[in-house]
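Chain identifiers are assigned alphabetically (A, B, ...) following the order of the sequence lines, protein sequences preceding nucleic acid strands; residue numbering begins at 1 within each chain.
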Protein chains: 2
Amino acid sequence: MDNNTDFIEKLRSSGLRPTKQRIRICKLLFDRKKTFHFTINDLSKTLKKENIKQISLATIYNTVHSFKKKGYLKEISINREMSYFDTNTSDHHHFLDINTNQLIDLKKEDVEKVRIKKNLPGKKINSIEVLVKIENSN
Amino acid sequence: MDNNTDFIEKLRSSGLRPTKQRIRICKLLFDRKKTFHFTINDLSKTLKKENIKQISLATIYNTVHSFKKKGYLKEISINREMSYFDTNTSDHHHFLDINTNQLIDLKKEDVEKVRIKKNLPGKKINSIEVLVKIENSN
DNA sequence: TTATAATTTATAATGATTCTAAAGTAGTGT
DNA sequence: ACACTACTTTAGAATCATTATAAATTATAA
Ligand SMILES: [Mn+2]
Ligand SMILES: [Mn+2]
Ligand SMILES: [Zn+2]
Ligand SMILES: [Zn+2]
């Protein structure tokens, strides 16, 4: 369980001044036992519900993108309508439930290592992303 | 090499009236030896270059989405900024060259079958998409 | 040929994201 | 504590891809 000092350190270490807005965002994102997936819209609504004065959208976007750049968040883009951020920054794949639009982590051991047999001269692999769409089986 | 009659048949068989706009789009998309990837923007620019009277953007969007719904095109969404359509409607995966933003087909034999070991009760797999990002290796 | 429904088109609306520039704040040095 | 400066926040405007609208055009069938 992190405390403010940890967040301040986290922000500082990535070149961001610890403002109260950024610390509130840190609390929401990183003060948890488990990692999770969220959209900017989710985050913005949660921040609004916390009564206090609301944080401007621009600050939310800027902060989330800074965290992404610093590697504290990963972005999982599904399509033009759906983009999730992920507090799990390890290398992993996802289920996408197309009935609920929920993203679910696949652990390393849940997916057999993906082997690519094709190789393009002058190019190397940067990353491999697997998205498994699931639906109700009824 | 298809001819107009084939396109008219293709349109008819999917419940679309063969208008000259749709036939021009068919020609561009399907009158080729090899399948390819394109964006709406690519398609729109190509259509503009063909001197003749240009086709409205709304018609381009509507037609492409109809073809997608009918299964004549697949959509490969990379992120909010990049969405490709694919005239290769078979089940296949992709390289994305992050230096050029080019999408490249991976054939079935280029990717070892992806095995998912996790299983959620009440859910079944709808599709598995693998995106392999590549970059200059120099 | 005429009637009807489908289609095309120009244009407006939408909505997520980014930009702007004015007001506020954190860090630094005194 | 105070003042200075650079960084940050904010509301609102701008952007841009996509979708909606509704009037004019066209394909089809009687
Ligand atoms: Mn983004
Ligand atoms: Mn689409
Ligand atoms: Zn995840
Ligand atoms: Zn393809």
Distance in angstrom units between A:R12 CZ and C:dA26 P, rounded: 11 Å
Rounded distance (Å) that lies between atom P of C:dT7 and atom CG of B:L57: 19 Å
N-O pairing of A:R24 and A:E50 below 4.0 Å: yes
For D:dA30, the Watson-Crick or wobble counterpart (both distances under 3.5 Å): C:dT1
B:N62 CG to D:dT26 P, straight-line distance once rounded to whole Å: 18 Å
Cation-pi, A:F95 ring and B:K118 (6.0 angstrom, 45 degrees): no
Between P of C:dG15 and NZ of A:K45, the distance in whole Å: 14 Å
Comparing A:Q54 and B:N41 on DNA chain D - which has the more 5′ nearest nucleotide: A:Q54
Side-chain N,O (A:H65) to OP1/OP2 (C:dT18) below 4.0 Å: yes
Ionic contact status for B:K123 with A:D97, cut-off 4.0 Å: yes
Spacing of A:Y61 atom OH relative to D:dG12 atom C1', expressed in whole Å: 15 Å
Position toward the 5' end of DNA chain C (nearest nucleotide), A:R80 or A:A58: A:R80
